[in-house]
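Side chains are part of it too, since the values below use all heavy atoms of this structure and drop only hydrogens, waters and symmetry mates.
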Amino acid sequence: ATLTKRYTLPCTETVGETLQTIGLVRKEEDRYVVSTVGANSEAGALLVDSDFTISYLGDRPTGDLLYRFATLTRFDVQRQWKIDKESVVRAFDAKIPFSEIEQYLTAHTEGNGSTALLKQLSLLHERYGMLAIYDGLTMVVEERVAHIIENLPALQEHLLARLSDTIFLMKRESEEVWRKILSDAGQLVGATIYQSGDCKEAEVLNPNFSAHLSDLDAHIEPLHLNLSAAVSTPVFDEALGAAIEAAKLTKEQKRDLKSRYEQRLVINKSQIAAQVLDSVTEASGLDYQGKLSLCRQAVGKKHIILELWVDGEHLTVWATELTTGGDNEAFLQVSVLPDKDERVIPVRKIFSIRSQRIQLF
């Protein structure tokens with residue numbers, strides 16, 4: 001605004017938001033302040049992009065949680081971290097609870113910037129809990145001994161899981177301790193029966209470690225960037241757009257290609273193929289049967305989420321049950337994400353419905 005008044009330079013209304021996004025200014029109350037980033041300056045709020053990239057200026061405090069569930073992709077005045085499926089699963093494997101990650105993102109991002117990311121992380125956490133792999137020792141006993149194990153409080157901390165009425169999964173690292181507890185209880189504890197062959201434990205390494213070492217070797221010399229070069233504005237390849245129009249594809253395949261072309265995700269004619277990557281189906285308005293059909297397809301399927309617009313409210317849900325009441329009126333029972341609140345919504349009150357098959361990242 002000052003440059004506009006003093007030098008009569010053109011200035012758009014969103015220039016403040018643009019400068020804040022790239023980290024040149026920060027907002028304090030009702031005004032923008034120029035960011036000053038020194039060698040040891042404290043980091044500001046986290047900026048979450050639509051591709052789940054997190055950026056910030058300054059330095060995060062020692063012991064910050066971000067590096068536990070994200071991968072560093074840029075180390076400059078502006079730091080940039082990428083959150084993907086592998087980095088989040090790595091955090092869950094390290095026993096970092098989802099609630100701690102959720103609390104961290106909520107506390108360190110401005111406004112609702114992390115809402116979409118938290119929804120996807122919630123879905124991944126749900127899927128992560130569907131399968132568990134234990135490393136332990138299997139103990140097979142008779143019913144009488146099983147009753148003793150159930151009623152020995154000292155054994156409970158060494159019990160990983162009960163696989164059946166007479167089969168228990170015990171901790172390997174505390175084998176000597178729980179063997180002594182059973183012996184003191186009057187049981188004869190025999191030797192452990194091992195399977196034939198040597199079992200070699202695989203070495204666990206961070207998959208990004210080797211890549212970071214290679215990058216360091218390749219960039220020992222400082223990079224000299226030509227900052228005086230003209231900035232080019234990306235343009236659409238009209239020939240590529242015409243090729244998509246002329247391709248012999250179904251209506252759905254062509255719609256998917258056009259959508260990705262407009263987002264500049266299709267940049268070469270070799271990407272024009274008879275496939276649908278973004279499987280999204282919508283029904284709205286007076287298309288009652290279409291909305292009813294989408295509800296039926298999504299009921300009980302965790303890999304399908306529905307976006308509903310009901311009485312001006314936008315909801316992201318899992319469909320759990322579809323029932324029919326009086327006058328053949330259909331009711332959809334849903335679990336609203338991310339809090340999983342249960343609601344029952346009449347299908348006729350849904351203005352628009354969007355079905356999407358989810359695949360995190």
Side-chain angles (χ1 to χ4, degrees), residues 21 45-56 65-71 73 80-94 96-131 256 259-260 263 265 276-284 291 294-295 297-321 332-345 350-361:
T21 301
L46 303 179
L47 297 176
V48 182
D49 205 350
S50 59
D51 64 347
F52 303 141
T53 298
I54 291 183
S55 307
Y56 62 87
L65 188 66
L66 181 60
Y67 83 96
R68 302 297 300 275
F69 62 92
T71 302
T73 57
Q80 193 172 87
W81 296 74
K82 176 69 175 178
I83 297 180
D84 54 21
K85 182 165 56 177
E86 287 73 21
S87 66
V88 176
V89 170
R90 190 170 68 241
F92 291 158
D93 288 342
I96 299 176
F98 170 68
S99 58
E100 188 175 342
I101 297 177
E102 182 180 28
Q103 183 180 3
Y104 173 86
L105 290 174
T106 303
H108 292 87
T109 54
E110 291 184 349
N112 298 324
S114 62
T115 302
L117 175 59
L118 286 175
K119 284 184 179 180
Q120 295 286 9
L121 293 183
S122 175
L123 296 175
L124 183 60
H125 181 253
E126 182 80 16
R127 292 171 54 195
Y128 183 85
M130 293 178 180
L131 183 148
D256 176 69
S259 174
R260 291 188 288 119
Q263 300 175 57
L265 298 178
V276 178
L277 298 183
D278 297 331
S279 181
V280 177
T281 311
E282 297 183 53
S284 60
K291 290 183 279 189
L294 291 180
C295 291
Q297 294 173 18
V299 168
K301 297 181 176 64
K302 290 294 182 71
H303 66 284
I304 298 179
I305 60 173
L306 298 178
E307 290 187 72
L308 309 179
W309 283 263
V310 184
D311 296 332
E313 187 179 10
H314 179 205
L315 303 173
T316 302
V317 304
W318 272 330
T320 56
E321 187 178 0
L332 180 65
Q333 183 174 340
V334 300
S335 178
V336 182
L337 300 176
D339 298 328
K340 298 182 182 176
D341 297 330
E342 297 292 334
R343 292 178 58 174
V344 176
I345 303 173
I350 300 176
F351 174 74
S352 180
I353 181 170
R354 187 178 190 218
S355 173
Q356 183 174 358
R357 297 179 183 271
I358 60 171
Q359 177 63 46
L360 191 64
F361 308 115

Peer 1: Mind checking salt bridge (charged side-chain N to carboxylate O under 4.0 Å, His left out) for K340 and listing every partner two or more places apart, or none if nothing turns up?
Peer 2: E126
Peer 1: Measure the spacing between OG of S114 and CG of L121 and express it to the nearest 0.5 Å.
Peer 2: 9.0 Å
Peer 1: Checking A283 now: which residues fulfil side chain to side chain contact (heavy atoms under 4.5 Å, CB included) with it, not counting sequence neighbours?
Peer 2: D287, K291, L294, I353
Peer 1: Please name the residue in the list L117, T115, I83 that meets the side-chain contact (heavy atoms from CB on, under 4.5 Å) test with V48.
Peer 2: L117
Peer 1: Can you tell if the side chain of I54 reaches within under 4.5 Å of the side chain of T109, non-hydrogen atoms only?
Peer 2: no
Peer 1: Once you round to the nearest 0.5 Å, how far does CD1 of I101 lie from CG of L66?
Peer 2: 10.0 Å
Peer 1: Side chain to side chain contact (heavy atoms under 4.5 Å, CB included) with A319: which residues, sequence neighbours excluded?
Peer 2: A298, V299, L306, L332
Peer 1: If you measure from OG1 on T71 to NZ on K82, what distance do you get to the nearest 0.5 Å?
Peer 2: 10.0 Å
Peer 1: Going by the salt bridge (Lys or Arg N to Asp or Glu O under 4.0 Å) test, which pairs reach into residues 310-320, not counting sequence neighbours?
Peer 2: E313-R343
Peer 1: Which residues satisfy the side chain to side chain contact (heavy atoms under 4.5 Å, CB included) test with E307, sequence neighbours excluded?
Peer 2: W309, H314, T316, R354, Q356
Peer 1: Please list, chain by chain and in numerical order, all residues satisfying ring pair (Phe, Tyr, Trp, His ring centres under 6.0 Å) with Y128, sequence neighbours excluded.
Peer 2: F92
Peer 1: Side chains of S355 and E282: does their closest heavy-atom pair fall under 4.5 Å?
Peer 2: no
Peer 1: Does atom CD of E321 have more than 12 heavy-atom neighbours, drawn from other residues, nucleotides or ligands, at distances under 6.0 Å?
Peer 2: yes
Peer 1: Return the NZ to OG1 distance between K302 and T320, rounded to the nearest 0.5 Å.
Peer 2: 10.0 Å
Peer 1: Closest approach of P338 and S122, non-hydrogen atoms and distance?
Peer 2: O-OG, 4.1 Å
Peer 1: My understanding is that only residues two or more places apart in sequence, or in another chain, count here; which of them pass side chain to side chain contact (heavy atoms under 4.5 Å, CB included) with E100?
Peer 2: L65, I96, P97
Peer 1: List in chain and number order the residues that pass side chain to side chain donor-acceptor pair (under 3.5 Å) with T53, two or more places apart in sequence or in another chain; answer none if no residue qualifies.
Peer 2: D51
Peer 1: Does any part of the side chain of V334, heavy atoms only, come nearer than 4.5 Å to the side chain of W318, both counted from C-beta?
Peer 2: no
Peer 1: Go through the steps for Y67 and W81 under the test side chain to side chain donor-acceptor pair (under 3.5 Å), then give the verdict.
Peer 2: CA-CA 8 Å; Y67 83 96; W81 296 74; over 6 Å; no
Peer 1: Go through it in stages, so that I can follow the logic: the residues are R90 and S87, the test is side chain to side chain contact (heavy atoms under 4.5 Å, CB included), and I'd like the CA-CA distance, side-chain angles, deciding distance and then a yes or no.
Peer 2: CA-CA 5 Å; R90 190 170 68 241; S87 66; 3.9 Å; yes
